[in-house]
Amino acid sequence: MIVRELELDLDAFEGPFDLLLTLVLRDELALAEVDVAEIVVSFCERLAARSPLDLEACGEFLVLVAALLELKVRGLFPDEDDEIELGPEEAAKELAQRLAEYRRIKEAALRLAERLEGEQDRYFRLGPAPLQPRPERRLAQQDPADLVAALRVLATEPPPVSLAHMELRFPPVSQFLERFRAVLRRRSRFDFDAEMHGLSRVEQAVAFLALLELAREREVSLAQAAPFAPIRVSRIDVERRQEWTARSA
Amino acid sequence: MDRPLRLITANPLDRLARTLEALLVVASAPLSVAELAAAADDHAERVETALGLLGERFREGRSGIVLEHVAGGYAFRASREASDACGRLFERPVERGLSAAALETLAVIAYLGPCSRPDIARLRGVAADSVVAGLVERGLIAEAGREEAGAVRYRTTALFERVFGLESLSELPRLDDLGEPDDLRTRLEAVASHRPA
Amino acid sequence: MDRPLRLITANPLDRLARTLEALLVVASAPLSVAELAAAADDHAERVETALGLLGERFREGRSGIVLEHVAGGYAFRASREASDACGRLFERPVERGLSAAALETLAVIAYLGPCSRPDIARLRGVAADSVVAGLVERGLIAEAGREEAGAVRYRTTALFERVFGLESLSELPRLDDLGEPDDLRTRLEAVASHRPA
């Protein structure tokens, strides 16, 4: 018996087990919507139809289903990683308790369905009656000063619209390329953050683009000891000669 | 064992009348004779006869449920005798205030005199349809003829004056700094034209 | 010339009953004795007595309009006798096509009291988001505040009780009394017993 070819007919999925696994791993099927218990039952039914017991298939199936369950639990309860690890006995007890709870819920749902079936011939009106009296809306006493205040708002000139953001000037990337190359002719490495001191945010952004461009051209190598630590820029030929260890700022 | 004849001997018109009662008590809109006949799976003439019986049973003075023949067909309503009780059932809590949009609209109409929805929309810089409809429903403004272009104009009502504690519109607080109505309109229009879309 | 005594001799309970008829025929949801008493401006005990009279008049077999005690109040509905006719005219948008997942979710909320979506997911083992949204849209459940962790909790509505014909949630069988082996376990056990050793 080939576990991966097990045909499944679930609410959320219909097809071979293999395809289900593939879709789940590709995030194309929400594992949260998959009833794993149904998969287990399908496997057991298939197993029962054959003899002798296919131990190899059982082993493979257990591994796959365990992985699937772990994935699903992580997906459903992402924030509960820190929960106390349960011992095998406690886990079994917990599982049994949950199963019993779920069994009762399923039974309750069944009762509800039966109840609904029994109520099929009870019709009642949804919503208002056709000739329902129109309710009168009543308003508390109002202050005429509120009218004046409202009018004043309408009569006030709006503040002039700021056009400051239209005036952003983007310096050319080439300007920084030249500047960095000039620095690197004098020094084998420099500290990007120190070099940017006193520049506007826009200029810093363009300078960073220039830096990336130099890295792409393999003229420089970049190193950063930690996120948000200063960026060290080194000439490639220098880096080849000496092992440079990033120093935390 | 089917005994179809029994239906006929057991005063079927009475059964039909009960079926119509059931349909009418569940309906959320008046039902026409044709609709009732189709639902009851019976003839229109018999439905009309049964409706006659129901009209006799469900009439003012005899029942709290009254069968009413309205434009769209037949429907049950509450008897007039119970109108006070129904009024209490549907009574809404007193609303404390008006929205900013409602106040602005009321202020424009009260101070500038009858205005159309396009007028109000232009002065406020936003569409006025739902606000105007709400104020009409509450009885604070009412239609006051049409302007030349054909749009309906609205004026404030006596209820508006009562709610704001005014004997008449002339008692509205003065807006000295904003000028007379004509100046006010000019000013509001000028501001509106500067407002970003 | 006032003759207040006359009111008392004219069988006022009958008049109260007519008022209650009127209130019930226009109400959009079941009305409690307290609501009826407030609207009719009468005492709760007298309202209950009058409701007894109405229950006698509006009952299955006698009338197409049936008075029922449901969802903590009283409401008129169509007689069962007329259900075929009603079925031809009206849809059942609330309960039509409730899935097994929807019923399980309703069961969780009805039996365990207000629950959040994570609660429901934990119990049912599958995500509850779309099922919960569907039930909210049908009006069978509604938001009921937030739990400490911030997740919205849901409760069943009066419409739920009405659709399932419950006088109140307490009419549901106790959960402890449930718990016979479910389908899943039965199937697993059947498989185990049939498998050749």
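In what follows, every heavy atom counts, from backbone to side chain, and hydrogens, waters and symmetry copies are set aside. Letters A, B, ... are given to chains in the order of the sequence lines, protein chains preceding strands, and every chain is numbered from 1.
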*Asks:* Where do B:Glu81 and C:Arg18 come nearest, in terms of heavy atoms and distance?
*Replies:* OE2-NH2, 2.7 Å
*Asks:* Using a cut-off of under 4.5 Å for heavy-atom pairs, which of C:Thr19, C:Leu89, C:Ile65 has the most such pairs with chain B?
*Replies:* C:Ile65
*Asks:* Please report the interatomic distance CZ(C:Phe58) to CD(B:Glu21), rounded to the nearest 0.5 Å.
*Replies:* 7.5 Å
*Asks:* With only heavy atoms counted, which part of B:Ala17 is less than 4.5 Å from chain C, the side chain, the backbone, both or neither?
*Replies:* neither
*Asks:* CD of B:Glu60: more than 12 outside heavy atoms within 6.0 angstrom?
*Replies:* yes
*Asks:* How close do B:Val26 and C:Ala78 get, counting heavy atoms only, and between which atoms?
*Replies:* CG2-CB, 3.4 Å
*Asks:* Is it the backbone or the side chain of C:Leu24 that comes under 4.5 Å from a heavy atom of chain B, or both, or neither?
*Replies:* neither
*Asks:* Heavy-atom cut-off 4.5 Å, strictly under: side chain, backbone, both or neither for B:Leu20 against chain C?
*Replies:* neither
*Asks:* Does B:His69, at its NE2 atom, have more than 12 non-hydrogen atoms belonging to other residues, nucleotides or ligands within less than 6.0 Å?
*Replies:* yes
*Asks:* If every non-hydrogen atom of C:Ala40 is compared with every non-hydrogen atom of B:Ala85, which pair is closest and at what distance?
*Replies:* CA-CB, 4.2 Å
*Asks:* Over all heavy atoms of both residues, which pair between B:Leu23 and C:Phe90 is shortest? Give the atoms and the distance, please.
*Replies:* O-CZ, 3.7 Å
*Asks:* Which of the residues C:Ser79, C:Ser63, C:Gly87 is involved in the greatest number of heavy-atom pairs with chain B at under 4.5 angstrom?
*Replies:* C:Ser63
*Asks:* With chain B, which of C:Ala39, C:Cys86, C:Ala82 has the greatest number of heavy-atom pairs at distances under 4.5 Å?
*Replies:* C:Ala39
